[in-house]
Amino acid sequence: MQDLYLGKTNYKVIGQRPVRHDGADKVTGKAIYTADLHLPNMAQARMVRSPHAHAKIVRIDTSAAEKMPGVLAVITGKDFPDLKEKVALMGEAGAVNLQHLSANCLAHDKVLYKGHAVAAVAAKTIHEAAEAAKKIVVEYEPLPSVTWVLDAMKPDAPLLHENNRTDEMGQKGDKPSNVTVHMAFEQGNIAEGFQQSDIVIEREFKTASVHQGYIEPHAAVAMWNEDGRLKIWTSTQGSFVCRQQTAELLQIPVSRVLVVPCEIGGGFGGKITVYLEPVAALLSKKCGRPVKMTMQRNEVFEGTGPTPGSYVRVKLGAKKDGTLVAGEAWLAYDCGAYPGGMIGPGSMCVFSCYNIPNARVDGYDVLNNKPKTQAYRAPGSTQAAFATEQVIDELALQLKMDPIDIRLKNAAKEGTRRVDGPVYPRIGFIETLEAARNSDHWKSPLPGKDCGRGLASGFWFNIGGASSCAASVMEDGSVSLIEGSTDIGGSRTSIAMQLAESLGITAEDVRPQVGDTDSVGYTFLTGGSRVTFATGLAAYKLGLDLQAQMQDRAARLWKCKPEDVKVDGGVYSHNGDSATFKELAVKISQSALEPVVGKSSVSPEGSTNGFGTHIADVHVDPETGKVTVLRYTAVQDAGKAIHPSYVEGQMQGGAVQGIGWALNEEYFFDNKDQMRNASFLDYRMPTCLDVPMIETIIVEVPNPGHPYGVRGVGETPIVPPPATVANAVQRATGVRFTELPMSPPKVWKKLSEK
Amino acid sequence: MAKKTVVTAEINGNSTEFLCEPRQSLLEVLRDTLHLTGSKEGCNNGNCGACTVLLNGKPVLSCLVLGVEVEGAKIETVESLAQNGQLAPVQQCFLEGAALQCGICTPGFLVATKALLEKYPQPSEHDIRFHLANNLCRCTGYDKIVKAVQTVAAQ
């Protein structure tokens, strides 16, 4: 990785906590989310979804629906272009089979999960659309279905795709199977490693599918104009990725598609792929009006991406002093209805916190009758950490070691090689463990009877990827910034702050906006903890460009050479002449000099690394099995916290999502593989009454690949919580819980078997 | 489909007349008919709190109230909080305390907080958590929201 770190520690803007630029819009209700749009003559649309987990579509009759009052257009999967087996590169999502993506928007010949969309209706009002949708007749031939990952791997399991052959290290298998990929990594010699071990522990772990649970349901508005141009307003994590997917699915050039990202009401990885946009576009083309589609909450649960349910087996061998010698992990993750799950990162993360000289990892990606899995905050890493961090905890217990000591002894550091190959640059894992040890929480006494304290760590990558920004210096000396990264949690501000810092102006003097796909250069999606890092790097470079232009204009005002104009903390000077950025901007605007306008684009390669360590105190009610989190501390290496409040917010939010995953959240399927809890009432995400304050400790070990040392912080916080809580429950009860969620009935049952 | 009814209500201090089908929820009327889109639809099922408004001073989930039910009632939405171009203290505290991330749940939390503080001007942390437990937030982990409510209560 290129060393870009400037080594500065004193900043004027970075590290401060300015009010976010979009804040007033959001606290007054003025911010515009996609569902808030009302276009002239706009139609509203509803989907028809499969009642079966797996079935052949024999016939769809839309004739009655088309005659219903107010109906303007009806479409089915047949209205999509036939894409054969075309594959497109979709960035982080990797290679995507477009036929699968198309069939996930509207099923073609088979439905693969309950809630799979099969048809859509646009009408003058939403009620008319809903009434008409009920009149669409779909005849199904139900097929046997499977939802548990190990069942789906069995040779006699119902097959989702007859033509799927397992990709076994690049070789295709000879028989159809639900296993899409088997990947393996190895280093050292595991047989020798386990022989040299004084203690070996092997355990199995299971996790349920959980949903990202963003509060804003998916929504899109499409307007296909008579000139062949398609305009889409949508709630997306990547306006350019949305443009690409939509254009490919509809087989139109990207230049004909304009995507306008509206404010996003949460995403966490679940708003990367398209569900509604191409459907709304086809309806709009058919009826000649703008069409709005929004999902109902049950559609969000049943028709959009959960994270994989998983089965993970981890075996670790250690010396008496706690030194890890050997490790073996076997992971099977479900990918839902279509290939392309999270097994890759899961396999890369399973041992990523530790230096294990002899290790092997086998990972399987498995089709089953659930919605296609999608990224959910550090996709695949939480399931893996749930396993490894508990086996480490058990080693510590058996060796009578402190859980921090055993981690420190084996902690990955600069130079450690991960099992999948990469060697770490400067990372801050050890620093998070030391900060946890020094925390008030760790030093405090345990809360009381039936209580326990657990600790676990976690890892996630920060990816780079293309990012673009543009800016112009306004006549009053402030700067308008247009960036391509859609803003979910306040990144407009973290990027504006980096531009402000590099120009020597205040955060308030930058006015950031998220541009549409025609107004700014290509920018990869908001995901992979990349935005504050990569788009921030673009903003920093943009600052250098604007500064050079300001020097040039100052030189022309002051009649000297640009290199003779000194710049110090946003003050430009030459001999006796001196002006702040603002004063100079005003002078430029009043002169005949050309305005200062800049742009930048970057594509930092390689990934950097985020580590976190969490501590939880829990109380386990022996009567009911209810686990209550009494105290919780999250420690994380942020590299450099640009806006500490929002870094804390990411840590707190991720921790609470992880606590939900640990204790309550799950897709609950009945014996017909129908999800029976597709509402916020029954799915049971944490409310504020379920959690305590989440204490945070930000560690700052600079990322060498960023001028300010930034590491992305968005995803790591969800990795440690389930293992942290499980380790705490073990300490409280003496029982190890290897299955998620640790909901009251499950905990009660296991405790009563003790 | 039954005919539309004329409904008159005081909405954010203004006497407002609207036409509404019997099947339309108050949330739908506010958002689609009156274009007061500050109240958000998160679940349309009474489970997330994003559409919370005050009905005669009491917090209700506007997705569970029918438009025709509010005849003669007084309704306050998030749009009523700021007055004379000034944010209300509760808005200021949420803003300064970073008590929002994506912002979709924020209007519901603000309205629910207003109702909470009118009933309990000095709430304990438990009071706050108990009375805001009907409002889901998936981004913040609630920490900064609870602290923002504590800050506004202390003012």
Side-chain angles (χ1 to χ4, degrees), chain A residues 17 19-20 22-33 35-38 69 125-128 131 212-217 263-268 294 296-298 488-490 643 645-646 648-657 679-681 685-691 693-694 696, chain B residues 1 21 23-24 28 31-32 35-50 77-79 81-82 87-88 90-92 94-108 110 125-126 128-130 132-147:
Chain A
R17 301 175 191 242
V19 163
R20 59 194 279 172
D22 53 323
D25 282 356
K26 286 181 175 158
V27 297
T28 53
K30 293 189 180 83
I32 298 170
Y33 297 81
D36 300 336
L37 287 179
H38 290 271
T125 73
I126 192 66
H127 298 285
E128 288 168 334
E131 295 280 318
Q212 296 81 350
Y214 27 78
I215 307 297
E216 179 204 31
E263 296 295 347
I264 321 163
F268 314 110
T294 56
Q296 295 291 292
R297 181 53 54 180
N298 63 320
I488 304 190
H643 192 305
S645 294
Y646 285 97
E648 292 159 9
Q650 291 295 327
M651 292 162 69
Q652 291 160 337
V656 168
Q657 285 185 323
S679 74
F680 277 148
L681 182 67
M685 298 183 334
T687 72
C688 59
L689 196 56
D690 297 314
V691 289
M693 293 289 185
I694 308 294
T696 55
Chain B
M1 188 186 79
E21 287 180 35
R23 62 185 172 186
Q24 284 183 298
E28 191 183 338
R31 290 177 52 81
D32 292 355
H35 293 193
L36 290 168
T37 53
S39 304
K40 303 301 179 190
E41 179 181 318
C43 69
N44 211 19
N45 226 352
N47 299 326
C48 78
T77 71
V78 68
E79 284 93 345
L81 295 179
L87 293 178
V90 62
Q91 292 171 309
Q92 200 65 44
F94 268 62
L95 200 53
E96 288 170 2
L100 64 147
Q101 282 175 30
C102 80
I104 197 86
C105 70
T106 308
L110 291 168
E125 185 187 334
H126 181 80
I128 295 171
R129 291 188 184 273
F130 185 83
L132 296 182
N134 197 47
N135 293 70
L136 292 174
C137 167
R138 192 61 158 173
C139 298
T140 64
Y142 303 108
D143 201 281
K144 289 184 171 12
I145 293 175
V146 173
K147 285 184 178 151

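All chains are named by letter (A, B, ...) in the order of the sequence lines, taking the proteins before the strands, and each is independently numbered beginning at 1.
Contacts between Thr106(B) and chain A at a heavy-atom distance below 4.5 Å involve the side chain alone, from C-beta outward. Contact of Leu87(B) with chain A is made through the side chain alone, with heavy-atom distances under 4.5 Å. With a 4.5 angstrom heavy-atom cutoff, Glu125(B) touches chain A only via side-chain atoms. With a 4.5 Å cut-off on non-hydrogen atoms, Leu110(B) touches chain A through its side chain but not through its backbone. Residue Ile32(A): no heavy atom, backbone or side chain, is found under 4.5 Å from chain B. Heavy atoms of Pro69(A) lying under 4.5 Å from chain B are absent altogether. Both the backbone and the side chain of Leu681(A) have a heavy atom closer than 4.5 Å to some heavy atom of chain B. With a threshold of 4.5 angstrom between heavy atoms, His38(A) approaches chain B through side-chain atoms but not through N, CA, C or O.
Of the listed residues (Asp36(A), Asp22(A), Val656(A), Leu689(A)), the one with the most heavy-atom contacts under 4.5 Å to chain B is Asp36(A). When the candidates Cys43(B), Gly97(B), Ala88(B), Cys48(B) are compared by the number of heavy-atom contacts under 4.5 Å with chain A, Cys43(B) comes out ahead. Ranked by non-hydrogen atom pairs under 4.5 Å with chain B, the options Glu131(A), Arg20(A), Arg297(A), Met693(A) are led by Met693(A). Comparing His643(A), Met651(A), Gln212(A), Glu263(A) by heavy-atom pairs within less than 4.5 Å of chain B, the highest count is held by Gln212(A). With chain A as the partner, the residue from Glu28(B), His126(B), Glu79(B), Gln24(B) showing the most heavy-atom pairs under 4.5 Å is Glu28(B). Ranking Tyr214(A), Tyr33(A), Phe268(A) against chain B, the residue ahead of the rest is Tyr33(A), based on heavy-atom pairs under 4.5 Å. In terms of non-hydrogen atom pairs under 4.5 Å with chain A, the most contact-rich of Gln101(B), Lys147(B), Lys40(B) is Gln101(B). Heavy-atom pairs under 4.5 Å with chain A peak, among Leu100(B), Val78(B), Ile128(B), Asn44(B), at Leu100(B). Each of Val90(B), Leu132(B), Val146(B), Leu95(B) has some count of heavy-atom pairs under 4.5 Å with chain A, and the biggest count is that of Leu95(B). For chain B, the option among Pro217(A), Ser679(A), Gly23(A) with the highest count of heavy-atom pairs below 4.5 Å is Pro217(A). With respect to chain B, the highest number of heavy-atom pairs below 4.5 Å among Gln650(A), Gln657(A), His127(A) belongs to His127(A).
For the pair Arg129(B) (side chain) and Val691(A) (backbone), a donor-acceptor distance under 3.5 Å is present. Judged purely by atom type and a 3.5 angstrom limit, Asn134(B) has no side-chain atom pairing as donor or acceptor with the backbone of Gly49(B). When atom types are taken as modelled, the side chain of Arg31(B) and the backbone of Ala35(A) share a donor-acceptor pair closer than 3.5 angstrom.
Using a 4.0 Å cut-off between charged side-chain N and carboxylate O, Lys144(B) and Glu648(A) make a salt bridge.
The distance from atom CD1 of Ile126(A) to atom OG1 of Thr294(A), rounded to the nearest 0.5 Å, is 5.5 Å. In this structure, SG on Cys688(A) lies 11.0 Å from CG on Asp143(B), to the nearest 0.5 angstrom.
The two residues Gln652(A) and Ile694(A) have their closest heavy-atom pair at NE2-O, 3.1 Å. Annotation for Ser39(B) and Thr77(B): closest pair OG-CB, 4.0 Å, computed over non-hydrogen atoms.
Residues Glu96(B) and Val19(A) form a side-chain contact, since some pair of their non-hydrogen atoms from C-beta on lies under 4.5 Å apart.
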* Asked: Can you list the steps and then say if Glu41(B) with Gln296(A) is a side-chain contact (heavy atoms from CB on, under 4.5 Å)?
  -> CA-CA 9 Å; Glu41(B) 179 181 318; Gln296(A) 295 291 292; 3.4 Å; yes
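With sequence neighbours excluded, no residue forms a side chain to side chain donor-acceptor pair (under 3.5 Å) with Asp32(B). Judged as a side chain to side chain donor-acceptor pair (under 3.5 Å), and not counting sequence neighbours, the contacts of Asp690(A) are Arg684(A), Thr687(A).
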